[in-house]
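Quick notes on the structure that follows.
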2 protein chains.
Amino acid sequence: MSSYQANGYWYGEGRSVPEAVDLLNLMRRYREAERRMRAATRGSMGMNETDMSALRFLLAEHRKGVTPRQRDFAEELGISNASVSVLIDRLCRDGYAERVVHPADRRSVGIVPTDYSDTEVRGTLHRMHEQMMDAVGTLSEDERVAAAKFLEAMIRSVEIDDEPSRPSAGKGVVREGALPSR
Amino acid sequence: MSSYQANGYWYGEGRSVPEAVDLLNLMRRYREAERRMRAATRGSMGMNETDMSALRFLLAEHRKGVTPRQRDFAEELGISNASVSVLIDRLCRDGYAERVVHPADRRSVGIVPTDYSDTEVRGTLHRMHEQMMDAVGTLSEDERVAAAKFLEAMIRSVEIDDEPSRPSAGKGVVREGALPSR
DNA sequence: GAATATCTTTAGACAGGCTAACTATTAGCT
DNA sequence: AGCTAATAGTTAGCCTGTCTAAAGATATTC
């Protein structure tokens, strides 16, 4: 399997220019490495997959000035409202989030992250994010164009036969102006 | 948010050359698209995540002429032997695999895929794989080199701070599983 | 051939998902 | 206003897939 060498960049059978199969192998390796990384973060925080996704979503929305409702979590995560209810219970119990009354609709519960959760996540995932930004920063303009072309081709490959195309898909997120709630 | 246009390739704020952040967004979009694709396949076959991984592993080993034991599944998937036992029960029950006596060790049970499972999987995941190969085939040599450089940088970013470096990582890795979560 | 090691199975517990039913609130109709 | 339908969240009961611990079956070693 793929005679890769850390510093020399050799591929397939002694090739120094990657073929399609080599790029696919690199994609697979990246996916594995990222999965391990996220798993480690999750493990160190004692959280499961969906709770972690929920927390990341919560922090992202909060940074945009939006206070999501439980319903938004259900849509984002693709799980039922009932499951979200229990999920938020867990996040609150462990000090990552708090329930607040939603100013615009008293049926709804607004969810806000605690300061604790922000610093906790920043210490791990944000660090990875910055490293990735730095890494890409070393590429030339031509290389970035090529990388983008490659990624776009890959995306088209895996989504083409599901539906015609839906690039910046959905995000039916209710922008819900106002209420920074803080 | 990210004014992407399906045919024109515009990024960030009207840029036509992608910045680091645009490439990271593309990575995220690819990950999402692939996840949806795998989820759809899995759904259409009525299987869960680990069972699907197990089946892919089984087919890959079989193609190499190897008859894996249950123990091998446990290592590959990062779950306990007990769980593998039940997992193989499911695969057999649904007609994807069969238990045979292991030629070399009669304590062990050899697992072989059925013809049915091979055609079933070929019809879905292999099709995606071929589309990806075709897509990458349209890139020039320079573009493939750049894409590889990009991917290598990304891999380094997400695995560098876990351990010094372990490029072809494979096998020995402790696969995430098992966190008590109180 | 008895002791020990290895591979699998079974039993029981737990976590996190689901649906269905219930309460509280809001929106629409007349 | 008042009734009805729709929406948000909670709770209860079930199911699946994981785990650990213990037991069964076969190999290996002395």
Side-chain angles (χ1 to χ4, degrees), chain A residues 39 42-43 45-55 58 61 66-94 96-112 172-174 176 179, chain B residues 35 39 42-43 45-55 57-58 61 66-94 96-112 174-182:
Chain A
R42 213 164 64 224
M45 292 179 72
M47 296 179 85
N48 65 33
E49 180 75 41
T50 49
D51 287 14
M52 195 70 211
S53 298
L55 182 52
L58 173 59
E61 293 295 291
V66 178
T67 298
R69 297 163 297 174
Q70 296 196 179
R71 177 175 198 216
D72 301 321
F73 286 82
E75 189 180 347
E76 171 72 16
L77 302 173
I79 63 178
S80 70
N81 289 329
S83 300
V84 171
S85 191
V86 186
L87 185 155
I88 301 295
D89 283 348
R90 289 193 295 269
L91 290 187
C92 292
R93 180 198 62 192
D94 297 341
Y96 297 119
E98 283 174 4
R99 283 183 167 95
V100 299
V101 269
H102 200 287
D105 185 346
R106 270 183 311 186
R107 289 173 304 185
S108 292
V109 178
I111 313 294
V112 293
V173 174
V174 195
E176 179 205 328
L179 76 120
Chain B
R35 196 185 54 71
R42 215 164 60 224
M45 294 179 70
M47 296 180 85
N48 65 33
E49 181 76 39
T50 49
D51 288 15
M52 195 72 211
S53 298
L55 183 52
F57 171 67
L58 173 58
E61 292 296 291
V66 178
T67 299
R69 296 162 298 173
Q70 296 196 179
R71 192 201 151 92
D72 301 322
F73 286 83
E75 188 180 348
E76 171 71 17
L77 302 172
I79 62 179
S80 70
N81 290 329
S83 301
V84 170
S85 190
V86 186
L87 184 155
I88 301 295
D89 283 348
R90 291 192 295 271
L91 290 187
C92 291
R93 181 197 62 194
D94 297 341
Y96 296 119
E98 285 174 3
R99 285 183 166 94
V100 299
V101 269
H102 199 286
D105 184 346
R106 270 184 311 189
R107 289 173 305 185
S108 294
V109 177
I111 313 294
V112 294
V174 189
R175 279 281 185 134
E176 114 176 49
L179 41 129
S181 84
R182 77 215 65 179

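Protein chains get the first letters and strands the later ones, always in sequence-line order, with residue 1 at the start of each.
In this entry the distance linking CD1 of B:Ile88 with C1' of C:dT9 reads 13 Å, nearest Å. Atom C1' of nucleotide C:dG16 and atom CG of A:Asp89 are separated by 13 Å, given to the nearest angstrom. Here the P atom of nucleotide D:dT16 and the CE atom of B:Met52 are 20 Å apart, to the nearest Å. Between the CZ atom of B:Arg90 and the P atom of D:dC15 there is a distance of 16 Å, given to the nearest Å. We find that CD1 of B:Ile79 is positioned 13 Å from C1' of D:dT16, with the value rounded to whole Å. A:Leu77 has its CG atom 14 Å from the P atom of C:dG16, to the nearest Å. Between the CE atom of A:Met47 and the C1' atom of C:dG16 there is a distance of 13 Å, given to the nearest Å. In this structure, the CZ atom of B:Phe73 is 16 Å from the C1' atom of C:dT9, given to the nearest Å.
Checking B:Ser83 against B:Ser80 by side-chain atom types alone, a donor-acceptor pair falls below 3.5 Å.
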- [ ] Could you walk me through whether A:Arg71 and A:Asp105 pass the salt bridge (Lys or Arg N to Asp or Glu O under 4.0 Å) test, one step at a time?
- [x] CA-CA 13 Å; A:Arg71 177 175 198 216; A:Asp105 185 346; over 6 Å; no
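With values rounded to the nearest 0.5 angstrom, B:Glu75 atom CD is found 14.5 Å from B:Gln70 atom CD. Note: A:Phe73 CZ to A:Leu91 CG = 7.0 Å, rounded to the nearest 0.5 Å. To the nearest 0.5 Å, atoms CZ (A:Arg69) and CD (A:Glu61) are separated by 11.0 Å. How far OH of B:Tyr96 is from CZ of B:Arg90: 12.5 Å, rounded to the nearest 0.5 Å.
Checking C:dG17, C:dT25, D:dT18 against the side-chain heavy atoms of A:Arg106 singles out C:dT25 as nearest.
At the phosphate of C:dG16, neither OP1 nor OP2 sits under 4.0 Å from any side-chain N or O atom of A:Ser83. Checking the phosphate oxygens (OP1, OP2) of D:dC19, a side-chain nitrogen or oxygen of B:Ser80 falls inside 4.0 Å.
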Every protein N/O lying under 3.5 Å from an N/O of nucleotides 3-8 of chain C:
from	atom 1	to	atom 2	distance (Å)
C:dT6	O4'	B:Arg107	NH1	3.0
C:dT6	O2	B:Arg107	NH1	3.3
C:dC7	OP2	B:Arg71	NH1	2.5
C:dC7	O3'	B:Ser108	OG	3.3
C:dT8	OP1	B:Gln70	N	3.2
C:dT8	OP1	B:Val109	N	3.3
C:dT8	OP2	B:Arg71	N	2.8

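Around CZ of B:Arg106, the count of heavy atoms belonging to other residues, nucleotides or ligands within 6.0 Å does not exceed 12.
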